[in-house]
Structures are given as C-alpha cells and as structure tokens.
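Below is one structure; the comments refer to it alone.
In this chain, residues are counted from 1 in sequence order.
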Amino acid sequence: MKFLTTVSTSVHHTLFAAEGVLPQICQSIVIPNVRLRDEDEELFEMNYIEFIRRDMEGSDLDTRRRIACELLKGIATNYKKQVTDIVSVQIQNLLSSFATNPSANWKDKDCAIYLVVSLATKKAGGTSVSTDLVDVQSFFLSVIVPELQSQDVNGFPMLKAGSLKFFTTFRGLIQKPVAFQLFPDLVRFLGAESNVVHSYAASCIEKLLLVKDEGGKARYTSADITPFVPALMNNLFNALKFPESEENQYIMKCILRVLAVADISSEIAGPCIVGLTSILNEVCKNPKNPIFNHYLFESVAILVRRACERDGSLITAFEASLFPSLQTILATDVTEFLPYAFQLLAQLVELNKPPISPSYMQIFVLLLSPDSWRRSSNVPALVRLLQAFLQKAPHEVNQEGRLTQVLGIFNMLVSSGSTDEQGFYVLNTVIENLEYGVISPYMGNIWNVLFMRLQNNRTVKFQKSLVIFMSLFLVKHGAQNLVDTMNAVQANIFLVILEQFWIPNLKLITGAIELKLTAVASTRLICESPVLLDVAAARVWGKMLDSIVTLLSRPEQDRVEEEPEMPDIAENVGYTATFVKLYNAGKKEDDPLTDVKDPKQFLVASLAKLSAVTPGRYPQVINENLEPANQTALLQLCTTYNCQIV
C-alpha cells in the first residue's frame, strides 16, 4: 500500500487512470484494510491508551487502517473527483449492509464512519475540517445521532467510540442546537464501562467547549453548560473510578475545561475540591502520569481562582481541604510535585486577607531556608511564593531578620545568569511593598551586588531587568533617593550607569506594563532630577529623550506580548526536574502606575511643563541630540496631544 501511494503521487500516476482500476483498488485493497480485525478489537479492550494514541492522536502512521486511507489520499491528488465518487458509493453500500442486519454487520458502519473521518481534510493552521464524501449535517443526523442516543452505553462500544470521534472531529460544522441537544448523551457516555468510550466522551465535551464562532467568540458559554454541571462533574469523577482509568488524562483535562467555563457556585466547588484532593492524595504516593498530574493541579488552581473570585469566603474551605495534601508533598519531599505545591500555596496566600495565619508563617520560615533553593526546578515556584508573602505580609517580612534572609536569596539568584530574572522578581516585589525607611539601610548592599554582576557578566537580559528595577525604584521612592543611594556606593556612578546602561537598553524593553513603567520613570528623570536638569548634563538629557522616543515610537506589534490562552501541556512533559508553570495559579501583573494612562501623553505634557520654566533652552538640545526620525516623531506626539515645547 505504501508503494502504491508513492506511485500515485509520482509521474507514473497515469497507471491508475485505466478503466476499472480505481474501483478495484477501493474494493479489494482499501475497504478490507479499513475494516476492523480481531487484533483491533483486542487492542481496544486490552490497551485503551495505545488504542487512543493510534486512533485519535494520529500515532497510527504505520497501521493498516491509516495506510489504506493514505493510499486513497495519494490517488486523490490527481483523481479527486473519481475517488470521491467511488468512496461515496462504498460508504452508502456499507451503511445499507449495516441497515439490513445491525447487530451482525456493525463493522460495516464502523468502516463507513472511519472512512469519512480519516479522509476529512484539515484547514491549514486551524482546527476546522471538511469533507466532500458526505454532507456532514445529514450524515451526522442519520448515522451518528442514533448511536449517541442509544440508551445502552455499553453496547457495541467500538461503534460508539467511532461515533464520538466523528462528533469530535466535525464539532465545528455541527450546528449548536443539534450538538447541544446531545450534551446529556455525552454526559451519559462518561458512565460507559469501556475505557475508550468514556475517554472519547470526555474528549468530545472538552473539545466542544473550545469551539469558537466567527470573531473568536466561544460557541458554548457558561450559561449553556452550567445546568448540566452537577451531573457532568459527578460522572467525570465517577469515571476516574473505572479500572485503568484512575489516572485518565482525557477525563482530567475535561474536568479542567469545565471548571474553566462553567459558573462555579459553592454547591459545585465543595464536591469538586473534595474529589480533586482525594485524587491528589492518591497520586502523591506514586506519581506516574505527568500529563494527568499537570491537569490535576491546573484543575485545583482554576477551581480555587474562579470560586474565590465569586465568593471570597470559600478560601477557608479550600485551605482545610488542600493544606494537609500540600503539607504531605512538602514533608515527604515529592520532588515532581514541589513546584506545583509552591504555586498553589502562592495562590492561597494571595487570596488571604492579612494578618497571615500561623500555618502560612511556618511555610514562610521554610521558604527562607537556603536548603529549599538548592533544586533549580523549584526556583520559579519558590520566587512566586516569596512574592506572595512579600505582598501580603510586608510587616512580618521586616521582623526577626527576615528581610536580610530575603535579600540573601535575591543575592544568590541574581549572581547566576540562569536565575537572575527570578532575583529581580524578588527585588522588585521588595521595593514595591516595603516602605523606603525599611529598605534604605540595605540599598548600599543591593547596589553593590548589582554593580558587581554588571562588571562580571552583563547580559542584555540582565541590563533590561536592571533598567526595569531602577524605574520601579524611581516611581516608588523618588528620583532623588535613586540618585543618592547609587552615588553613596561610588561618587557620580549614577550618570555612568545612566549613560552606559539605562539609555542604550531602554529602547529594548518589551511588555505593556514594563514599557509604561520605564518610559514614565525615564520621563520623570529628565523632567525632575536636578542631576539631569543641570546645563552640564544637556547631552545626556538629549540622549535619554532620544531613547524614550524610540521606545514609544516602536510599532505596537513589536512590543506587545500576546496574552496566551491556557496552553495545552505538551505530550512529552516527562518527569525531568524542570519547572512547569501552572497557568491558572499565575501571578496577576500589577501596574505600579495606575494613575498614568498614556506614557506618550505623559512625556509631551511633562516636557511642555518643563520647557515653560526655561523657554528656548530645550528645542536646541532636542535638535542637537535627537535622531531626525525621533525629532519628527516627537513633533507628531506634541501635535497629537496638543502640547508645545517652547
């Protein structure tokens, strides 16, 4: 068959054009090879994971059924109409054969469904599929719906699985009222004893909830599915009790998707957290399936996040359920789960109202011990947890020498190229949440650490992080404190750092919040800092303005980082000691400058105000130091916002 496929797409394809060749190939080669054989039924029953991998996830490239379909696709490259006509007739024949004796000829119907699904063409880059073999709507209603509405969820399981696969494949083409009517049937099929059938039912529900209509709007909303949620969740958790489905990743992924879409009332949240926690306690004993476990932790994270957004009082119940499990993970050192546990703890800390309870403070003590930071896979999650404590318990951080320990962690992280970004996350959170009086005694030491790293290993990433840190320090604690604390380490080092690092790296900043922060801080520096307003610093002032204008003039798409949707965890996430981020326990990005809406307007308004104090001075500095393109851009900004530099 592979050989014939190669011939069919080569210059010798005319061999297939002779009278009667195509019908013969279809009847004598393709159909017999697509029909189910005993070994397919055996695999379906004995090894459902391998069956699904081949059948649903396309790892069946070397199976008889797939290669027979590839042969048809190969011939269709040059003889599309003939192949379509012949296969359409074959499909009708198979369905007629089934109709004469359904219980004996069920494999004919399975064969017809398999042909339609396997020969469907995918649109490039999208999930939408189409077929010329049948009219999808009428085929669905006449062939698939009777199977899905059959009251016996355990009868003819392979036919049920094929029908669920058809529904999943063509989900975008099936109209909402038709699909929606079958939702209770999908929920029923979660109770099928066959592992493949309840996995396919879960996968079908999960994929339906991802369907988007024109304009990217979700087709199925929380209002649509919320009425089904109690029964749906009940059946999903029960399906995890079937033999060999205890760690079924398709079911867990469906739980995650439903929790992401449905309205999470306390009636739903209660049983869900109990169910998820008991599964968590079980998998802690022996983590085997990384994909299942990832979806499990994501499900816990999204449940906590969405339920607490709706009703903050639920946090206590969640803590009561989750704390024992998380403490077990920490106490028994379940390596694979530590990053997840730290991220969930960070989420719980952030949802708390101060003062933080003693049980959290015990974890804080553990967090500050250098031992916890030895494993690199834990670092991003530990930083995330440390940030949560710094935000929610700044008062406690300043007691019992804890701030010294926090800064020790910052020092350790920032000294290495692989963790310096994490070090800045810690430092920025300290600067943002603690009073200046508390941190000022430590500033000399912090600058020393940063300047030492700058001297030894100045990567672009480090320099950009440094610009963001200095900007945050400036907007939080003022330009004067920034200049003074730096110059206290070494006389006049501020201007050196400004010229060699701040100005050249400013234009490289990306990310909406970072861009606004650095642009506003740099604007305040040139409009408020005596060091830069000094006539002797005119050249540096001009270069700084040039860099700000470059940053703000970049096209939007060059600098905006897309907000990702919840990513699909890659199938190859093995248990290597890597950090896997929980999308649903992610840190909300805080904007330190909520009062400034538009950094461009802030720039020209500040310049106009400054130039009004000393008219005539700044236009000349601008002409001498700004690139011609930036002079034009600045002029346009002044016109747009109706400001004038005099």
Side-chain angles (χ1 to χ4, degrees), residues 424 427-428 431-432 436 439-440 443 446-447 450-451 454 463-509 513-553 591-593 595-596 598-614 617-619 621-622 624-627 630 633-634 637-638 643 645:
F424 274 111
L427 184 58
N428 291 347
I431 295 301
E432 213 167 337
Y436 182 67
I439 55 173
S440 64
M443 283 314 300
I446 291 171
W447 289 123
L450 293 171
F451 296 158
L454 206 48
Q463 293 175 62
K464 280 159 68 177
S465 298
L466 181 63
V467 170
I468 292 167
F469 164 68
M470 293 188 292
S471 301
L472 182 66
F473 187 97
L474 186 147
V475 301
K476 283 289 170 191
H477 305 299
Q480 200 53 54
N481 283 334
L482 177 71
V483 176
D484 292 348
T485 52
M486 287 171 80
N487 285 340
V489 175
Q490 190 181 321
N492 297 326
I493 195 167
F494 173 75
L495 277 174
V496 176
I497 297 287
L498 188 73
E499 210 168 337
Q500 287 184 13
F501 301 106
W502 192 322
I503 293 172
N505 287 289
L506 178 62
K507 56 183 86 118
L508 307 175
I509 301 294
I513 291 176
E514 290 84 350
L515 183 134
K516 181 167 100 169
L517 169 67
T518 50
V520 170
S522 305
T523 302
R524 282 185 51 184
L525 201 54
I526 61 173
C527 294
E528 294 170 19
S529 170
V531 180
L532 282 168
L533 293 172
D534 190 324
V535 181
R539 187 183 59 79
V540 180
W541 187 96
K543 290 292 168 216
M544 182 66 143
L545 177 60
D546 188 57
S547 204
I548 300 171
V549 176
T550 304
L551 176 68
L552 293 175
S553 313
D591 181 356
L593 288 166
D595 52 329
V596 178
D598 182 351
K600 294 178 181 176
Q601 186 179 13
F602 183 80
L603 172 68
V604 287
S606 303
L607 288 172
K609 204 166 144 192
L610 176 68
S611 71
V613 181
T614 50
R617 172 177 164 190
Y618 290 102
V621 179
I622 289 169
E624 285 170 5
N625 293 288
L626 262 68
E627 295 289 335
N630 282 345
L634 186 58
L637 287 176
C638 289
C643 292
I645 301 170

Would you compute the distance between atom OG1 of Thr550 and atom CD of Glu627 and round it to the nearest 0.5 angstrom? 7.5 Å
Would you say Leu427 and Leu450 make side-chain contact, with heavy atoms under 4.5 Å? yes
Angle between ring planes, Phe494 versus Trp502, binned at 30° and 60°: parallel, tilted or perpendicular? perpendicular
Once rounded to the nearest 0.5 Å, what's the spacing between atom OG1 of Thr523 and atom CE of Met544? 8.5 Å
Where do Ile645 and Cys638 land on the side-chain contact (heavy atoms from CB on, under 4.5 Å) test, with the steps shown first? CA-CA 8 Å; Ile645 301 170; Cys638 289; 3.9 Å; yes
Show the atom names and distances, to 0.1 Å, of all donor-acceptor pairs under 3.5 Å that link a side chain in residues 464-476 to residues at least two apart or in another chain.
unit_1: Ser465; atom_1: OG; unit_2: Lys461; atom_2: O; d: 3.0
unit_1: Ser471; atom_1: OG; unit_2: Val467; atom_2: O; d: 2.7

Taking the side chain as every heavy atom from C-beta outward, state whether Lys609 and Cys527 have any pair of such atoms under 4.5 Å apart. no
Partners of Thr485 by side chain to side chain donor-acceptor pair (under 3.5 Å), sequence neighbours excluded? Trp447
Nearest heavy-atom neighbours spanning Ala519 and Leu552: CB-CD2, 3.8 Å
If you measure from CG on Asn487 to CD1 on Ile493, what distance do you get to the nearest 0.5 Å? 8.0 Å
Would you sort out whether Leu545 and Leu603 count as a side-chain contact (heavy atoms from CB on, under 4.5 Å), showing the intermediate values? CA-CA 9 Å; Leu545 177 60; Leu603 172 68; 3.9 Å; yes
If we count only N and O atoms by modelled type, under 3.5 Å, do the side chains of Asn630 and Asp546 hold a donor and an acceptor together? yes
Nearest 0.5 Å please: distance from the NZ atom of Lys507 over to the OG1 atom of Thr518. 13.0 Å
Partners of Asp534 by side chain to side chain donor-acceptor pair (under 3.5 Å), sequence neighbours excluded? none
Distance in Å, Leu525 CG paired with Ile548 CD1, rounded so as to fall on 0.5 Å steps: 8.0 Å
Does Gln480 have any side chain to side chain donor-acceptor pair (under 3.5 Å) partners at least two apart in sequence or in another chain, and if so, which? Asp484
Can you confirm whether Gln463 sits close enough to Leu508 that some side-chain heavy atom of one is under 4.5 Å from a side-chain heavy atom of the other? no
Tyr618: ring-ring contact (aromatic ring centres under 6.0 Å, His included) partners, not counting sequence neighbours: Trp541
Between Thr614 and Ser611, is there a donor-acceptor pair closer than 3.5 Å when you use the side chain of the first and the backbone of the second? no
Worked check of side-chain contact (heavy atoms from CB on, under 4.5 Å) between Met486 and Phe451: CA-CA 10 Å; Met486 287 171 80; Phe451 296 158; 4.0 Å; yes
Answer yes or no: is there a side-chain heavy-atom contact under 4.5 Å between Leu533 and Glu528? no
Looking at every non-hydrogen atom in both residues, tell me the closest pair between Ile431 and Met443 and how far apart they are. CD1-SD, 4.3 Å
Test side-chain contact (heavy atoms from CB on, under 4.5 Å) on Leu517 and Ile509; report intermediate values, then the result. CA-CA 10 Å; Leu517 169 67; Ile509 301 294; over 6 Å; no
Can you list the residues that meet the salt bridge (Lys or Arg N to Asp or Glu O under 4.0 Å) rule with Glu499, with sequence neighbours excluded? Arg539
Drop me the distance from Leu495's CG to Leu532's CG, to the nearest 0.5 angstrom. 6.5 Å
Closest heavy-atom contact between Lys543 and Ile503? O-CG2, 3.7 Å
